[in-house]
Amino acid sequence: MPDVLFAPWRYEYLVSHKKTECIFCEAAASPSDEQSLVVFRGKRVFVLLNRYPYTNGHVMVAPLAHEAWFSQSSAETLSELIATVARAQAILVAEYRTDGLNVGVNFGSAAGAGVANHYHVHLVPRWAGDTNFMTVAGGVRVVPEELTATHRRLSALFAGEA
Ligand SMILES: [Zn+2]
């Protein structure tokens, strides 16, 4: 398996990655869901696409508030969080025909979180025969579906329009 492939999102990542702002607070406050890749806004949590996806349909569910740990979130937020993860799971299984799904959270930079102070639950669709998660996480992937297409598709699904 070659690991040097044309992967424009990685280039963008390298040139634009700054640690000054919280990208989740920025996305939560953004007036443009398309630019911030937000596909669903709930009362206390929201869903956005990962700009550097491991696979097609890689989404993240995060609290709207800047909270670093589950233990900082209210019971209402936690309840909405897991319900939204379940909804995202159902949509990905039905629409992306995933055979499996990696769901996970890294709390803190020591655990590998790219954004350590605002937790986010990753949902990474998986298909039989794709590479294993650790290999995928460590290298460059090819993601055929454009982010804008994914954004349009998942926004409509979360809105119940598709
Ligand atoms: Zn934040």
Side-chain angles (χ1 to χ4, degrees), residues 7-92 95-96 98 101-126 133-134 136-141 143 145-160:
W9 59 91
R10 297 304 302 176
Y11 176 74
E12 193 188 338
Y13 178 81
L14 292 172
V15 296
S16 73
H17 194 56
K18 287 177 255 157
K19 295 213 161 165
T20 48
E21 301 277 348
C22 171
I23 60 159
F24 293 96
C25 287
E26 234 173 70
S30 170
S32 167
D33 283 351
E34 202 176 344
Q35 273 191 358
S36 55
L37 300 178
V38 172
V39 294
F40 175 74
R41 290 178 185 274
K43 272 190 204 154
R44 298 178 178 83
V45 306
F46 69 123
V47 183
L48 69 169
L49 302 183
N50 192 305
R51 205 172 285 278
Y52 314 103
Y54 291 149
T55 64
N56 279 339
H58 179 177
V59 299
M60 301 176 294
V61 184
L64 288 163
H66 187 76
E67 295 166 342
W69 304 88
F70 282 167
S71 52
Q72 293 176 334
S73 292
S74 67
E76 290 81 5
T77 299
L78 294 173
S79 165
E80 191 181 322
L81 182 81
I82 197 68
T84 305
V85 168
R87 177 130 190 264
Q89 179 178 50
I91 286 172
L92 291 171
E95 294 300 318
Y96 283 76
T98 66
L101 204 60
N102 289 106
V103 178
V105 196
N106 301 321
F107 293 103
S109 52
V115 176
N117 298 321
H118 195 144
Y119 72 76
H120 43 285
V121 180
H122 291 271
L123 286 93
V124 181
R126 304 299 306 276
F133 187 66
M134 294 312 290
V136 169
V140 172
R141 289 79 47 184
V143 180
E145 188 177 69
E146 294 276 352
L147 278 177
T148 47
T150 309
H151 181 265
R152 201 175 311 122
R153 186 174 173 190
L154 286 179
S155 296
L157 288 163
F158 272 99

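Scope of the values below: all heavy atoms of this structure, side chains included, with no hydrogens, waters or symmetry mates. Just so you know, ligand 1 is whichever comes first in the structure, and atom 1 is the first atom listed for that ligand.
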**Request:** Using a 4.5 Å cut-off on heavy atoms from C-beta on, say whether the side chain of Asp33 contacts that of Val39.
**Result:**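 SC-SC contact between Val39 and Asp33 ruled out.
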
**Request:** Look at the aromatic rings of His118 and Phe24 and report parallel, tilted or perpendicular, splitting at 30° and 60°.
**Result:**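 It falls in the tilted class, 30° to 60°.
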
**Request:** Report, rounded to 10°, the angle at the Zn ion (ligand 1) between the two atoms SG (Cys22) and SG (Cys25).
**Result:**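 Angle SG(Cys22)-the Zn ion (ligand 1)-SG(Cys25): 120°, rounded to 10°.
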
**Asked** Got a sec: does the CD of Glu34 have more than 12 other heavy atoms crowding it under 6.0 Å?
**Response**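 Counting other residues, nucleotides and ligands, CD of Glu34 stays at 12 neighbours or fewer.
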
**Request:** Among the N/O/S atoms of His118, select the one at the shortest distance from the Zn ion (ligand 1) and name it.
**Result:**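 In His118, the N, O or S atom with the shortest distance to the Zn ion (ligand 1) is ND1.
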
**Asked** So which of the N, O or S atoms of His66 lies nearest the Zn ion (ligand 1)?
**Response**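 Looking at His66, the N, O or S atom with the least distance to the Zn ion (ligand 1) is ND1.
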
**Message:** Checking Thr55 against Tyr96: is there a side-chain donor and acceptor pair closer than 3.5 Å?
**Reply:**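 Side chains of Tyr96 and Thr55: no pair found under 3.5 Å.
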
